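Remember, it's a predicted structure, so these values are computed and weren't measured experimentally.
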Amino acid sequence: PDVWHHTIPAVAAMIAITVFADSASALVGIRWGKRKWFHHPGKSYLGTFGGTLVAFAVALPLVGVPGAILGAMVFAVVDVLGPVPIPVSDNILNPLALAVVFAAAPDALQPMLPWM
């Protein structure tokens with residue numbers, strides 16, 4: 001039962017970060033992102049920042065403050081560095097990286113949902 005206490009919120013946070021943070025990153029970057037990353041001209045500083053904030057916000061109730069910080073950091077790192085060494089979409093790399101980090105640090109996941 002303790003495994004499910006961490007697994008279900010972690011999977012929900014992984015899906016939420018992948019969907020909402022990546023979408024927010026694209027929308028913010030298209031609308032307000034003037035300065036682009038030097039290594040990836042399709043991504044902007046502001047888009048990455050907006051996506052990171054949304055990643056923290058959507059993960060917060062699901063995995064708590066430490067888990068949301070981890071999730072937001074993973075999103076930011078994958079968003080900035082993901083396309084450089086591996087020419088794969090960050091839509092594939094984000095869930096994989098989040099799954100590895102959440103599995104490696106189960107004690108950092110402290111769901112804030114009342115039924116957990």
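Each of Leu53 and Val80 belongs to its own hydrophobic cluster when Ile, Leu, Val, Met, Phe, Trp and Tyr are linked at side-chain heavy-atom distances under 4.5 angstrom. Under the 4.5 Å side-chain heavy-atom criterion for grouping Ile, Leu, Val, Met, Phe, Trp and Tyr, Val101 is connected to Val78 within one hydrophobic cluster. Under a hydrophobic clustering in which Ile, Leu, Val, Met, Phe, Trp and Tyr are joined whenever their side-chain heavy atoms come within less than 4.5 Å, directly or via other members, Val54 and Val19 fall into the same cluster. Following chains of ILVMFWY side-chain contacts shorter than 4.5 Å, one cannot reach Val100 starting from Phe102, and the two form parts of different hydrophobic clusters. Neither Val58 nor Leu27 shares a network with the other; the hydrophobic side chains, linked directly or stepwise wherever heavy atoms of I, L, V, M, F, W or Y lie under 4.5 Å apart, form separate groups for each.
Scanning both residues, Val65 and Phe56, for their nearest heavy atoms gives O-CE1, 4.3 Å. Of all heavy-atom pairs between Val63 and Ala68, the closest is CG2-N, 3.5 Å. The two residues Ile17 and Gly71 make their nearest non-hydrogen contact at CD1-CA, 3.9 Å. Listed here is the closest heavy atom pair of Ala21 and Phe75: O-CZ, 3.6 Å. Taking all atoms of both residues into account, the shortest heavy-atom contact from Leu62 to Ala16 is CD1-CB, 4.4 Å. Heavy-atom minimum distance, Pro61 versus Ala57: CD-O, 3.5 Å.
Under 3.5 Å, the side chains of Thr18 and Asn94 contain no donor-acceptor pair of N or O atoms.
Looking at Asp79 and Ser25, their side chains come closer than 4.5 Å, going by heavy atoms from C-beta outward.
Ser44 is linked by a side-chain hydrogen bond (donor to acceptor under 3.5 Å, both in side chains) to nothing, counting only residues two or more places apart in sequence or in another chain.
In this structure, CG on Leu93 lies 11.0 Å from CG on Leu81, to the nearest 0.5 angstrom.
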(request) Show the numbers, then the answer: is there a side-chain contact (heavy atoms from CB on, under 4.5 Å) between Arg35 and Leu46? (result) CA-CA 8 Å; Arg35 298 193 58 207; Leu46 207 52; over 6 Å; no
